[in-house]
Amino acid sequence: MKRTQRFKRVSKPKKRIPDSELDEDSAANLSTQLLKSKSTRINPKRPKILSLPASTSLTFDHMTILPREFFQIDALDLAPRLLGKFLKRDNVVLQITEVEAYRPNDSACHGRFGITARTAPVFGPGGHAYVYLCYGLHTLLNVVADKEGNGAAVLIRSCAPISGMDTIQERRGKKTEKPDLLNGPGKIGQALGISTEWSNHPLHSPGKFSSRPYLIRLS
DNA sequence: GAAAAGATTAAA
DNA sequence: TTAATCTTTTCC
């Protein structure tokens, strides 16, 4: 039975921007390349791993915050579009490398039993965060997808560090630069320093508090 | 009201 | 392979 759809960006992390050079509006000349990947089964418990089509080279000049319309589409469409995008909070910037889509009919989707106190944000309009505690230990970050009323979201599973390495390592409690720094959904939440209080926070604007994370792209 | 499961991680 | 750890949902 179908549960979820996972998308993975298989490429090397892009060059890192020195913290001193990064600001709200520009992170000059990052280029990102979506490399071809095979469709493989990463976790036997999960039915299918989808991959991106092969290799498109994209170059951007300026960072812009993604508009809310960007998010208000089917989670299955939103998921691959999040690959390569940037998640920013303060000096920490992560580039999304692996995501997983959860749709209303997926057996693992938190929205499958309707609106509850915890899952209410999932049913809200796309572009907000849905953060919840997993196994009592890990804060998992989802990007709510689709229109209001549809319980769909995309889990951020893995990222590459772009900026704020010191902060990331400090929050993670590891000095490594290896993939295990950010290759898991619980690690993303930890690296961003978020808690469940962040659930329902809009990701399509910096928000009232500048320290709140938001999703950006280079365009 | 009690019990079990869970979109995981790190360490052995 | 397993313990850690606790909230949400389910079952009686």
Side-chain angles (χ1 to χ4, degrees), chain A residues 1-10 39-52 71 73-83 85 87 92 94 96-124 126-146 150-161 167-201 203 213 215:
Chain A
M1 179 179 182
K2 185 180 66 155
R3 291 182 67 196
T4 60
Q5 301 282 4
R6 189 180 289 192
F7 299 85
K8 189 171 190 179
R9 176 175 177 278
V10 183
S39 180
T40 40
R41 194 174 287 264
I42 295 175
N43 182 339
K45 285 183 180 174
R46 309 208 169 241
K48 190 166 186 183
I49 312 298
L50 298 184
S51 61
L52 283 177
F71 303 92
I73 57 178
D74 191 298
L76 211 46
D77 296 319
L78 177 62
R81 296 183 192 196
L82 289 177
L83 296 174
K85 297 297 189 299
L87 205 45
V92 170
L94 308 181
I96 299 171
T97 56
E98 186 176 351
V99 296
E100 189 162 24
Y102 289 86
R103 306 169 81 209
N105 287 330
D106 292 338
S107 60
C109 182
H110 279 195
R112 68 190 182 281
F113 291 125
I115 301 174
T116 65
R118 179 181 62 159
T119 64
V122 178
F123 290 87
H128 291 241
Y130 167 53
V131 183
Y132 80 98
L133 193 63
C134 183
Y135 288 94
L137 301 168
H138 313 293
T139 51
L140 274 54
L141 171 64
N142 292 254
V143 177
V144 175
D146 223 319
N150 295 331
V154 178
L155 174 69
I156 308 300
R157 296 200 61 87
S158 185
C159 288
T167 305
I168 295 171
Q169 292 176 332
E170 185 182 341
R171 288 179 180 152
R172 289 277 296 117
K174 295 200 172 215
K175 282 184 221 152
T176 181
E177 294 195 8
K178 294 176 194 164
D180 67 338
L181 185 65
L182 293 171
N183 65 346
K187 301 175 183 179
I188 304 306
Q190 190 178 23
L192 288 171
I194 58 176
S195 68
T196 54
E197 296 175 8
W198 300 73
S199 205
N200 207 34
H201 164 67
L203 292 169
L215 259 172

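Throughout, protein chains are lettered first and strands after them, A, B, ... in sequence-line order, and every chain is numbered starting at 1. Values below: all heavy atoms of this structure, side chains included; hydrogens, waters and symmetry mates excluded.
Separating the OH atom of A:Tyr132 from the P atom of B:dA7 is a distance of 5 Å, rounded to the nearest angstrom. Rounded to whole Å, the distance from NE2 on A:His138 to C1' on C:dA4 is 8 Å. Taking atom NZ of residue A:Lys187 and atom C1' of nucleotide B:dA10, one finds them 8 Å apart after rounding to whole Å. Residue A:Phe113 contributes atom CZ, which lies 10 Å from atom P of B:dG6 at whole-angstrom precision. Atom CG of A:Leu140 is separated from atom P of C:dT5 by 18 Å (rounded to the nearest Å). For the pair A:Leu137 CG and B:dA7 P, the computed distance is 14 Å after rounding to whole Å. Following rounding to the nearest Å, A:Tyr135 (OH) and C:dT2 (P) show an atom-to-atom distance of 15 Å. Rounded to whole angstrom, the span from the CG atom of A:Leu141 across to the C1' atom of B:dT8 amounts to 15 Å.
One C1' atom belongs to C:dT9, the other to B:dT9, and the distance between them is 23 Å to the nearest Å. With both ends at atom C1', the span from B:dA10 to C:dT8 equals 25 Å, rounded to whole Å. Distance noted for atom C1' between B:dA12 and C:dC6: 24 Å (whole Å).
When the side-chain nitrogen and oxygen atoms of A:Arg112 are compared with OP1 and OP2 of C:dT9, none of them lie within a distance under 4.0 Å. Applying the 4.0 Å criterion to OP1 and OP2 of B:dT8, one finds that A:Arg157 has a side-chain N or O inside that range. The side chain of A:Thr116 contributes an N or O atom lying less than 4.0 Å from OP1 or OP2 of C:dT9.
Judged by distance alone with a 3.5 Å cut-off, a donor-acceptor contact links the side chain of A:Asn142 to the base of B:dA7.
Comparing B:dT8, B:dA10, C:dT9 against the side chain of A:Lys174 picks out B:dA10 as the nearest. Residue A:Leu133 has its side chain nearest to C:dC6 when only B:dA11, B:dA7, C:dC6 are considered. The listed nucleotides are B:dA7, B:dT9, B:dA11; the one nearest the side chain of A:Leu155 is B:dA7.
When only modelled atom types and interatomic distance are considered, A:Gln190 and A:Arg172 share a side-chain donor-acceptor pair under 3.5 Å. No side-chain donor-acceptor contact under 3.5 Å links A:Thr139 and A:Ser195. With 3.5 Å as the limit, one finds no donor-acceptor pair spanning the side chains of A:Thr196 and A:Ser199.
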Q | side chain to side chain contact (heavy atoms under 4.5 Å, CB included) between A:Ile73 and A:Arg81, intermediate numbers included | A | CA-CA 11 Å; A:Ile73 57 178; A:Arg81 296 183 192 196; 3.9 Å; yes
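Pair check for B:dA7 finds none; no Watson-Crick or G-U wobble contact set falls under 3.5 Å. Base pairing annotation: C:dT10 forms a Watson-Crick or G-U wobble pair with B:dA2, both donor-acceptor distances under 3.5 Å.
Put simply, the residue from A:Val144, A:Leu141, A:Leu82 that forms a side-chain contact (heavy atoms from CB on, under 4.5 Å) with A:Val154 is A:Leu82.
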